[in-house]
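Values reported hereafter were calculated over all heavy atoms of this structure, with side chains retained and with hydrogens, waters and symmetry mates removed. None of these values were measured; they are calculated from a predicted model.
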Amino acid sequence: MFITRKCPITNELKKLDIPVTQQQLKLWHQGALIQDAMPNLSADDREFLISGITPDVWNDLYGEE
């Protein structure tokens, strides 16, 4: 599913294709922890859903692991 978020760092709109279902999004919006509602997602995908920050922006800010 394509998800669009505005990055709070760059103020750019970013759209990513994330393997998430409507049911998973519903569970999360109803209060489930994102890692419980969407255990199949990577930490990067979950972070994008939560904050709108992409891995590239994180790497620019804090360097790669």
Side-chain angles (χ1 to χ4, degrees):
M1 174 183 301
F2 283 98
I3 305 289
T4 302
R5 294 281 189 262
K6 184 176 182 180
C7 177
I9 307 299
T10 65
N11 288 320
E12 293 179 287
L13 285 178
K14 296 288 185 177
K15 184 195 276 188
L16 295 181
D17 189 8
I18 296 180
V20 65
T21 66
Q22 280 295 107
Q23 182 61 27
Q24 289 174 311
L25 288 171
K26 182 179 177 183
L27 288 170
W28 179 47
H29 288 232
Q30 291 176 336
L33 295 174
I34 195 167
Q35 64 268 28
D36 293 338
M38 305 169 205
N40 58 305
L41 296 186
S42 68
D44 289 339
D45 285 344
R46 290 194 305 263
E47 184 61 42
F48 178 74
L49 286 173
I50 292 167
S51 68
I53 299 173
T54 63
D56 291 340
V57 172
W58 276 114
N59 290 338
D60 288 347
L61 288 172
Y62 303 110
E64 295 192 37
E65 291 182 16

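Between Phe48 and Ile18 the shortest side-chain heavy-atom distance falls below 4.5 Å. For the pair Glu12/Lys6, no side-chain contact is recorded, criterion being any heavy-atom separation below 4.5 Å from C-beta on. Two residues are said to be in side-chain contact when any heavy atoms from C-beta on lie closer than 4.5 Å; Ile3 and Asp17 fail this criterion. Here the side chains of Thr54 and Thr10 are not in contact, with every heavy-atom distance at 4.5 Å or above. The closest side-chain heavy-atom distance from Leu25 to Met38 is below 4.5 Å. Using a 4.5 Å heavy-atom cutoff, the side chains of Lys26 and Gln23 are in contact.
Proximity of a side-chain donor or acceptor of Asp45 to a complementary backbone N or O of Pro19 within less than 3.5 Å is not detected. The backbone N or O of Ser51 sits nowhere less than 3.5 Å from a side-chain atom of Arg5 that would complete a donor-acceptor pair.
Distance check, rounded to the nearest 0.5 Å: CG of Asp44 to CG of Leu16 gives 9.5 Å. Going from atom CD1 of Ile50 over to atom CD of Glu47 covers 5.5 Å, rounded to the nearest 0.5 Å.
Judged as a ring-ring contact (aromatic ring centres under 6.0 Å, His included), and not counting sequence neighbours, the contacts of Trp58 are Tyr62. Here Asn11 pairs with nothing under the side chain to side chain donor-acceptor pair (under 3.5 Å) rule; sequence neighbours left out.
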